[in-house]
Peer 1: 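Pasting a structure below so you can have a look.
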Amino acid sequence: GTTLGASAAEKGRYFGTAVAANKLSDSAYTTILNREFNSVTPENEMKIDATEPQQGRFSYGAADQIVSHARSRGMSVRGHTLAWHSQQPGWMQSMSGSALRQAMLNHVTQVATHFRGQVVAWDVVNEAFADGSSGARRDSNLQRTGNDWIEAAFRAADAADPNAKLCYNDYNTDNWTHAKTQAVYNMVRDFKSRGVPIDCVGFQSHFNNDSPYNSNYRTTLSSFAALGVDVQVTELDIQGAPANTYRAVVEDCLAVARCNGVTVWGIRDSDSWRASQTPLLFNNSGQKKAAYDAVLAALNNG
Ligand code: G3I
């Protein structure tokens, strides 16, 4: 193939990007988006603060715009994200206990229902584990509603959209030796053994000098896949965009049969949440960087 999406498709995968609704009017942006990618993840537009800014009042305009742009061009959509400690609207931040649990479950149900049939995979729960060596859950208002909040969210999403793939998504879970990775692995193993409806695990893969890529990533992906879930690289960006590291990530995914797609977290460096790290595949002018060539070659050779 001559584009990322077409080349990934030849390998039975997708190649996606995060998309911001307010950039869909930028033709330099949409030219690359429409040419190169066959999956999109709304960068912020499906988050809780965007979709339920006031309790019980749902707002889907920006998300619908992205979904419509994508689906009318044959791109699939990853939904991000239904339940998260961050980007909560003010009303939710101030809630706790059973009222918060009920509000969270209602949010999951409403949003998954709205997008039923349009989103192939949902990040049902995002970033629920703590960093560091504890292997513990992250403290949050959602966690304080009870340790079973994650499986409750998955069951609600499954009831609302039984055909979507339901994913757990997190960062710093790529290095197999890290406690956080093992903790998520143990949760997924437990969910599979008890029939909690989980289909996939997303590895954000925000690599930088503090959290570098490690060659045991392939072991991580294959170990999770062996539990009976799909795995996906969901938010890839790499400080400095070294071609070798981009190539390695793509090769790791291609080496694991159940790794069914890679998403980069933005198109041009200037679109990145870490723009100063120039971590993406296209420069600010929209030109392909060396990392782009490495990724395309890996997709075609792998
Ligand atoms: O839209 C408002 C704008 O109206 C306002 O003037 C401006 C001033 O701050 O803020 C704008 O909102 C910002 C939004 O991005 C859109 O640019 C928010 O402040 C800012 O917090 C938000 O950051 C996003 C961040 O998630 C929020 O948690 C990033 O774009 C987005 O890339 C980032 O993505 C996350 C994933 O969801 C989860 N994994 C980590 C990843 C990187 O942090």
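For the single chain, residues carry numbers from 1 onward in sequence order. Indexing begins at 1, ligand by ligand and atom by atom, following the structure's order. Values in this document were obtained by computation on a predicted structure and should not be read as measured data.
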Peer 1: With atoms numbered from 1 as shown, which atoms in ligand 1 lie under 4.0 angstrom from a non-hydrogen atom of N126?
Peer 2: 38 (C)
Peer 1: So for R274, does at least one of its heavy atoms come nearer than 4.0 angstrom to any atom of ligand 1?
Peer 2: no
Peer 1: Give me the nearest non-hydrogen protein atom to atom 40 (C) of ligand 1 as residue plus atom name, then the distance to 0.1 Å.
Peer 2: E235 OE1, 3.3 Å
Peer 1: Please list the nearest protein heavy atom to atom 34 (O) of ligand 1 with its residue and the distance rounded to 0.1 Å.
Peer 2: W265 NE1, 3.2 Å
Peer 1: Just to confirm my output: which protein heavy-atom neighbour is closest to atom 31 (C) of ligand 1, and how far is it?
Peer 2: E43 OE2, 3.3 Å
Peer 1: Suppose we call two aromatic rings close when their centres sit under 6.0 Å apart. Are H206 and Y171 close by that rule?
Peer 2: no
Peer 1: Can R218 and D252 be said to form a salt bridge (Lys or Arg N to Asp or Glu O under 4.0 Å), step by step?
Peer 2: CA-CA 5 Å; R218 192 178 298 198; D252 289 343; 2.9 Å; yes
Peer 1: Could you check T81, D49, N126 and say which one makes a side chain to side chain donor-acceptor pair (under 3.5 Å) with Q87?
Peer 2: D49
Peer 1: Looking only at distances, can you tell me whether any N or O atom of K47, backbone or side chain, sits closer than 3.5 Å to an N or O atom of ligand 1?
Peer 2: yes
Peer 1: Could you tell me whether the side chains of R189 and N186 share a donor-acceptor contact shorter than 3.5 Å?
Peer 2: yes
Peer 1: Give me the residue, atom name and distance of the protein heavy atom closest to atom 21 (O) of ligand 1.
Peer 2: Q87 OE1, 3.9 Å
Peer 1: Would you compute the distance between atom CG of L236 and atom OG of S205 and round it to the nearest 0.5 angstrom?
Peer 2: 6.0 Å
Peer 1: State whether R78 and D123 are salt-bridged, where the test is any N-O pair (Lys NZ or Arg NE/NH1/NH2 against Asp/Glu carboxylate O) under 4.0 Å.
Peer 2: yes
Peer 1: Tell me which protein heavy atom sits closest to atom 16 (C) of ligand 1, plus the residue, atom name and distance to 0.1 Å.
Peer 2: N44 ND2, 3.7 Å
Peer 1: For the ring pair H107 and W84, is the centre-to-centre distance below 6.0 Å?
Peer 2: no
Peer 1: So, R268 and D271, do they make that salt bridge, N to O below 4.0 Å?
Peer 2: yes
Peer 1: Do you see a protein non-hydrogen atom under 4.0 Å from atom 38 (C) of ligand 1?
Peer 2: yes
Peer 1: One residue to check: Y171. Relative to ligand 1, which of side chain, backbone, both or neither has a non-hydrogen atom less than 4.0 Å away?
Peer 2: neither
Peer 1: Would you check whether S86 has a nitrogen or oxygen atom less than 3.5 angstrom from a nitrogen or oxygen atom of ligand 1?
Peer 2: no
Peer 1: Given the protein's heavy atoms, is any one of them under 4.0 Å from atom 1 (O) of ligand 1?
Peer 2: no
Peer 1: N/O of Q204 under 3.5 Å from N/O of ligand 1, yes or no?
Peer 2: yes
